[in-house]
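Beneath this line is the structure, given in structure tokens, with notes to follow.
All residue numbers in this chain count up from 1 along the given sequence. Counting convention: from 1, in listed order, for ligands and their atoms alike.
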Amino acid sequence: MTNDVQQKHQKKMAKLKEVVDNRIAEAQQERGVLIALKGNGKGKSSSAFGTMARALGHQQKCGVVQFIKGRIETGEQLFFGNLPGVDFHVMGTGFTWETQNREQDIAAAESAWEIAEKMLQDPSYQLLVFDELTYLFKYKYLDVNRVVSALQARPAHMNVIITGRTLAREIAEIADTISIVQDEKHAFRAGVKAQPGIEW
Ligand code: ATP
Ligand code: MG
């Protein structure tokens, strides 16, 4: 690089550093955040559990409620569920697409949400993951306003991550961070069979 180019580059970088430093100085609030991970792509639950690994590295107590309809024991349950710093709950069996029993599904959603609600009231948790929570609103299995109230009343330090393909407007309004995981390609469509360690 010539001296001139080098000088220009240095000037540009100094300016950029100033902007970034100012932004860092402005972000002074210390509080928990509500993170929502939505979209049709693959990576929502795995991102939430990646963040949980990060929190556990800092000895933070974590809680999980998976509002899933499957019966397979997932790798995340087998791994995180056995750690002393994690309370791991999976919504009761009986909630499956095969049952087609709305009453039963609502009851399962209700009791899973009661566990989540208790966690939201317990200040000993630093991070909560509510995996696949969002579709419960879509099917009206759970009242979104009740969930919003519980989220808003949680202790100020508590971080919460919510995942699901769709996100209710009411939750989006109170979320601090929302990321959309977009589907560009998925191996499944090329005929690759779902596999442990990747899919569950
Ligand atoms: P992951 O748990 O892998 O992070 P996710 O939480 O983003 O995925 P979900 O909607 O919960 O996605 O679906 C979980 C399962 O569905 C995973 O097995 C994943 O590979 C698969 N999956 C996710 N997105 C797609 C897609 N666009 N097409 C096909 N299968 C998908
Ligand atoms: Mg998921």
Side-chain angles (χ1 to χ4, degrees), residues 33-57 60 62-83 86-100 105-106 108-113 115-117 119-120 125 127-142 144 147-148 150-151 158-172 174-200:
V33 289
L34 174 61
I35 301 172
L37 305 170
K38 66 169 198 173
N40 292 328
K42 169 173 164 51
K44 300 174 291 295
S45 300
S46 36
S47 163
F49 287 108
T51 305
M52 176 163 286
R54 198 176 258 179
L56 288 166
Q60 298 178 356
C62 300
V64 180
V65 182
Q66 283 194 307
F67 296 84
I68 48 163
K69 54 264 176 196
R71 270 170 290 184
I72 307 170
E73 257 196 330
T74 60
E76 59 265 29
Q77 186 183 0
L78 293 167
F79 180 73
F80 289 106
N82 284 322
L83 297 182
V86 185
D87 289 326
F88 206 112
H89 299 269
V90 181
M91 190 155 73
T93 52
F95 191 94
T96 70
W97 296 119
E98 290 102 79
T99 63
Q100 301 286 332
D105 287 351
I106 290 172
E110 177 76 24
S111 48
W113 177 248
I115 294 169
E117 223 164 27
M119 286 177 165
L120 284 167
Y125 292 104
L127 173 68
L128 300 181
V129 170
F130 299 148
D131 193 28
E132 286 283 353
L133 175 70
T134 63
Y135 75 99
L136 295 182
F137 310 127
K138 194 173 154 205
Y139 294 104
K140 300 211 168 22
Y141 287 159
L142 207 59
V144 70
V147 172
V148 166
L151 286 167
M158 197 182 279
N159 294 305
V160 181
I161 307 178
I162 287 173
T163 85
R165 294 202 169 196
T166 58
L167 182 64
R169 178 183 47 80
E170 292 90 338
I171 304 277
I174 62 160
D176 298 289
T177 298
I178 301 176
S179 293
I180 306 172
V181 180
Q182 197 190 322
D183 175 30
E184 187 168 319
K185 257 188 174 187
H186 196 290
F188 179 68
R189 288 199 294 282
V192 182
K193 196 175 165 183
Q195 52 182 307
I198 296 293
E199 259 75 44
W200 74 86

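Of the N and O atoms on the side chains of Tyr139 and Asp105, not one donor lies less than 3.5 Å from an acceptor on the other residue.
Annotation: side-chain hydrogen bond (donor to acceptor under 3.5 Å, both in side chains) contacts of Glu76 (sequence neighbours excluded): Gln66. Under the rule for a side-chain hydrogen bond (donor to acceptor under 3.5 Å, both in side chains), Thr134 has no partner lying at least two apart in sequence or in another chain.
The shortest distance between side-chain heavy atoms of Arg165 and Tyr135 does not fall below 4.5 Å.
One finds the CG atom of Leu37 at 9.5 Å from the OG atom of Ser46 (value rounded to the nearest 0.5 Å).
Among all heavy-atom pairs drawn from Met119 and His89, the shortest one is CE-CD2, 3.4 Å.
Legend: protein N/O/S atoms lying under 2.8 Å from the Mg ion (ligand 2), waters omitted, number 1.
When each of Ile68, Val65, Ile162 is paired with Glu132, the side chain to side chain contact (heavy atoms under 4.5 Å, CB included) condition holds for Ile68 and for no other.
Using cut-offs of 30° and 60° for the angle between ring planes, the Phe49 and Phe88 rings count as parallel.
Within 6.0 Å of atom CD1 in Ile180, 12 or fewer heavy atoms from other residues, nucleotides or ligands are found, so the atom counts as exposed in its surroundings.
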Between ligand 1 and the protein, give all atom pairs where both partners are nitrogen or oxygen and the distance is under 3.5 Å, as lines of names plus distance to 0.1 Å.
unit_1, atom_1, unit_2, atom_2, d
ligand 1, 3 (O), Lys42, NZ, 2.4
ligand 1, 4 (O), Gly43, N, 3.2
ligand 1, 4 (O), Lys44, N, 3.3
ligand 1, 4 (O), Ser45, N, 3.4
ligand 1, 4 (O), Ser46, N, 2.9
ligand 1, 4 (O), Ser46, OG, 2.5
ligand 1, 6 (O), Ser45, N, 2.9
ligand 1, 6 (O), Ser45, OG, 2.8
ligand 1, 7 (O), Gly41, O, 3.2
ligand 1, 7 (O), Gly43, N, 2.8
ligand 1, 7 (O), Lys44, N, 2.7
ligand 1, 7 (O), Lys44, NZ, 2.8
ligand 1, 10 (O), Arg165, NE, 2.9
ligand 1, 10 (O), Arg165, NH2, 3.3
ligand 1, 11 (O), Glu132, OE2, 2.7
ligand 1, 12 (O), Lys44, NZ, 3.3
ligand 1, 18 (O), Glu199, O, 3.2
ligand 1, 20 (O), His186, NE2, 3.1
ligand 1, 20 (O), Glu199, OE2, 2.9
ligand 1, 22 (N), His186, NE2, 3.4
ligand 1, 24 (N), Asn40, O, 3.4
ligand 1, 24 (N), Arg165, NH2, 3.1
ligand 1, 27 (N), Asn40, O, 3.0
ligand 1, 27 (N), Asp183, OD2, 3.4
ligand 1, 30 (N), His186, NE2, 3.4

